Amino acid sequence: MTEVLPVVIKEITRIRPDLRESHASITRESALFYATDPDRPALELDSMDALELLVALEQEFGIELAATSTRTSDLHTVGDVVDAVSGAL
């Protein structure tokens, strides 16, 4: 089975090429939108970036997140996305 985290990171950097240089610093703890803690990395995705990410992941893994109990409003970190995708597999 494909590990989910590397695929999520690959898709984030595809959607946001400006994040490629910080690829190594994208972790499960990275906030998708903004960080509530100043010591926590934030990717600063916008809503369209997030939607594109979820669609790409659904296609990549052949899943439908809408068919799960996952609410997109609950996805705050890269780890939340990884867990949602893993739970749908």
Side-chain angles (χ1 to χ4, degrees):
M1 178 186 295
T2 303
E3 284 194 50
V4 176
L5 179 59
V7 175
V8 171
I9 292 171
K10 176 189 76 153
E11 289 300 331
I12 288 170
T13 57
R14 182 189 61 76
I15 293 164
R16 288 280 307 279
D18 59 303
L19 294 173
R20 284 191 183 129
E21 289 183 19
S22 60
H23 179 276
S25 64
I26 299 174
T27 67
R28 288 182 56 85
E29 291 74 33
S30 298
L32 295 173
F33 305 105
Y34 57 88
T36 54
D37 176 352
D39 294 327
R40 183 184 208 181
L43 302 177
E44 299 179 3
L45 301 181
D46 63 26
S47 59
M48 292 305 293
D49 294 334
L51 179 61
E52 187 175 347
L53 173 63
L54 295 179
V55 168
L57 293 172
E58 287 179 331
Q59 291 175 347
E60 175 77 25
F61 290 102
I63 59 171
E64 272 191 59
L65 290 174
T68 69
S69 62
T70 300
R71 295 182 337 176
T72 55
S73 61
D74 293 334
L75 303 176
H76 302 285
T77 67
V78 171
D80 293 339
V81 174
V82 169
D83 293 344
V85 170
S86 296
L89 293 175

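Nothing here was measured: the structure is a model prediction, and the numbers come from that model. Numbers here simply count residues along the sequence, with the first being 1.
- The minimum heavy-atom distance between Val85 and Phe61, with the atom names listed, is CG1-CD1, 3.6 Å.
- Note that the CG atom of Asp18 and the CZ atom of Arg20 stand 9.5 Å from one another [nearest 0.5 Å].
- The main-chain N or O of Ala66 is never found under 3.5 Å from a side-chain atom of Arg71 such that the two would form a donor-acceptor pair.
- The side-chain heavy atoms of Leu45 and Arg16, taken from C-beta on, include a pair separated by under 4.5 Å.
- Across every non-hydrogen atom of Thr68 and Ala88, the tightest pair is CG2-CB, 3.8 Å.
- Separation of atoms CD (Gln59) and CD (Glu11) is listed at 9.0 Å; rounding is to 0.5 Å.
- Once rounded to the nearest 0.5 Å, the distance linking CG of Leu43 with CZ of Phe33 reads 9.5 Å.
- A salt bridge links Arg28 with Asp83: at least one charged nitrogen is closer than 4.0 Å to a carboxylate oxygen.
- Closest approach of Leu32 to Leu75, counting heavy atoms only: CD1-O, 3.5 Å.
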Donor-acceptor contacts, no H, no angles, side chain residues 48-57, under 3.5 Å, sequence neighbours left out:
residue, atom, partner, partner atom, Å
Asp49, OD2, Asp46, N, 3.1
Glu52, OE2, Arg14, NH1, 3.4

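- The main-chain N or O of Leu65 is found under 3.5 Å from a side-chain atom of Glu58 such that the two form a donor-acceptor pair.
- How far CD of Glu44 is from CG of Leu19: 8.5 Å, rounded to the nearest 0.5 Å.
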Exercise. Would Ile12 and Ile26 satisfy side-chain contact (heavy atoms from CB on, under 4.5 Å), going step by step from the backbone distance to the final call?
Worked result: CA-CA 9 Å; Ile12 288 170; Ile26 299 174; 4.2 Å; yes
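- Nearest heavy atom pair, residue Ser30 against residue Ser25, reads OG-O, 3.6 Å.
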